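Single-structure report; data block below.
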Amino acid sequence: MGIDPGLANTGFGIVDLCNGTMRLVSYGVIETSSDEDHGVRLLAIYNRLLAVVDEFRPDEAEMETLYFSRNTSSALAVAEAKGVITLCLAQQGIPLFMYTPNKIKSSVTGTASADKETVEQYVKLLLNMKVVPQPDHAADALAGAITHIHSTADF
């Protein structure tokens, strides 16, 4: 399971490895509204992620490492979402692995300098999808899941 954390949008992607071939299982986004109380939003992420975990029972999860940009307030909100996600997975006994954005880009496309659209196109190709997964938070989560498979599986 790959996870792209965020307070407003948390993407998830479930990818299975069968006989050396990656297979798309599911993907989506957990959305919260800025009209809701901050704590309620974090609780919603927890509850909805728990429902995804209960439905698909992933063996392992991946989440991108946090990097700080110019907007520290949004970075703090992402860090809080990551904490809730980490707690949820730990309570379910699901090991969590972390990869840098450059590692994910490189693993999916072959280059750490790939832009978002290129990563999305490669996700589509690698998972034999007819269209690029949308929204981009879900595509990012799938890219993370692909990276984890590439990093741990024996092909």
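Since we're looking at a predicted model, the values are computed, not measured. Residue numbers run from 1 in the order of the sequence given.
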H137, E80, K82 screened by side-chain contact (heavy atoms from CB on, under 4.5 Å) with P5, the one that passes: K82
Going by heavy atoms in the side chains, are V53 and L89 under 4.5 Å from each other? yes
Looking at every non-hydrogen atom in both residues, tell me the closest pair between R41 and A8 and how far apart they are. NH2-CA, 3.5 Å
For G28 and A138, which heavy atoms make the closest approach, and how far apart are they? O-CB, 3.7 Å
Can you tell if the side chain of E64 reaches within under 4.5 Å of the side chain of D140, non-hydrogen atoms only? no
Do the non-hydrogen side-chain atoms of H150 and K103 ever get within less than 4.5 Å of each other? no
Do M1 and L49 come close enough that some side-chain heavy atom pair is under 4.5 Å? yes
Sub-4.5 Å side-chain heavy-atom contact between I45 and L7: yes
Do P133 and V123 have side chains that approach each other closer than 4.5 Å (heavy atoms only, starting at C-beta)? yes
Short question: side chain of T109, backbone of K105 - any donor-acceptor pair under 3.5 Å? yes
State the CG-OG1 distance between L96 and T86, to the nearest 0.5 angstrom. 5.0 Å
Verify the neighbour count for atom OH of Y99: are there more than 12 heavy atoms of other residues, nucleotides or ligands below 6.0 Å? yes
Are any of the side-chain heavy atoms of Q121 and V132 separated by less than 4.5 Å? yes
Say whether, by atom type as modelled, one donor and one acceptor occur between the side chain of R48 and the main chain of E31 under 3.5 angstrom. yes
Side chain proximity check, L87 to V84, heavy atoms < 4.5 angstrom: no
Are F56 and L142 connected in the hydrophobic side-chain network, where two residues link if heavy atoms are under 4.5 Å apart? no
Is there a path from V78 to Y46 through hydrophobic residues (I, L, V, M, F, W, Y) whose side chains come within less than 4.5 Å of each other? no
Chi angles and distances behind the side-chain contact (heavy atoms from CB on, under 4.5 Å) call for E62, S151: CA-CA 11 Å; E62 170 283 336; S151 299; over 6 Å; no
Could you go through Q92 and D54, starting from their C-alpha distance and side-chain angles, then the distance that decides it, and tell me whether this counts as side-chain contact (heavy atoms from CB on, under 4.5 Å)? CA-CA 9 Å; Q92 299 304 306; D54 284 345; 4.2 Å; yes
Shortest non-hydrogen pair, A143 vs V108, comes out as O-CG2, 3.6 Å
Cluster question for you: counting only ILVMFWY and a side-chain heavy-atom cut-off of under 4.5 Å, with indirect links fine, are L17 and Y27 together? yes
To the nearest 0.5 angstrom, please state how far the CG atom of D16 sits from the CZ atom of R23. 5.0 Å
Can any side-chain N or O of D136 pair as donor or acceptor with the backbone N or O of A139 at less than 3.5 Å? no
To the nearest 0.5 Å, atom CD1 of I146 lies from atom OH of Y122 at 12.0 Å
Roughly how far, to the nearest 0.5 Å, is the CD1 atom of I94 from the SG atom of C88? 7.0 Å
Rounded at 0.5 Å granularity, tell me how far CD1 in I30 sits from CG in N9. 10.0 Å
Verify same cluster id: M63, V15 (apolar side-chain graph, 4.5 Å): no
Write down the atom of A141, the atom of G13, and the distance for their closest heavy-atom approach. CB-N, 3.6 Å
Within this structure, what is the CG-CG distance for the pair D37 and L42, rounded to the nearest 0.5 Å? 9.0 Å
Can you hop from M129 to I14 via hydrophobic side chains spaced under 4.5 Å? no
For A61 against I3, the heavy-atom pair lying closest together: CB-CD1, 4.5 Å
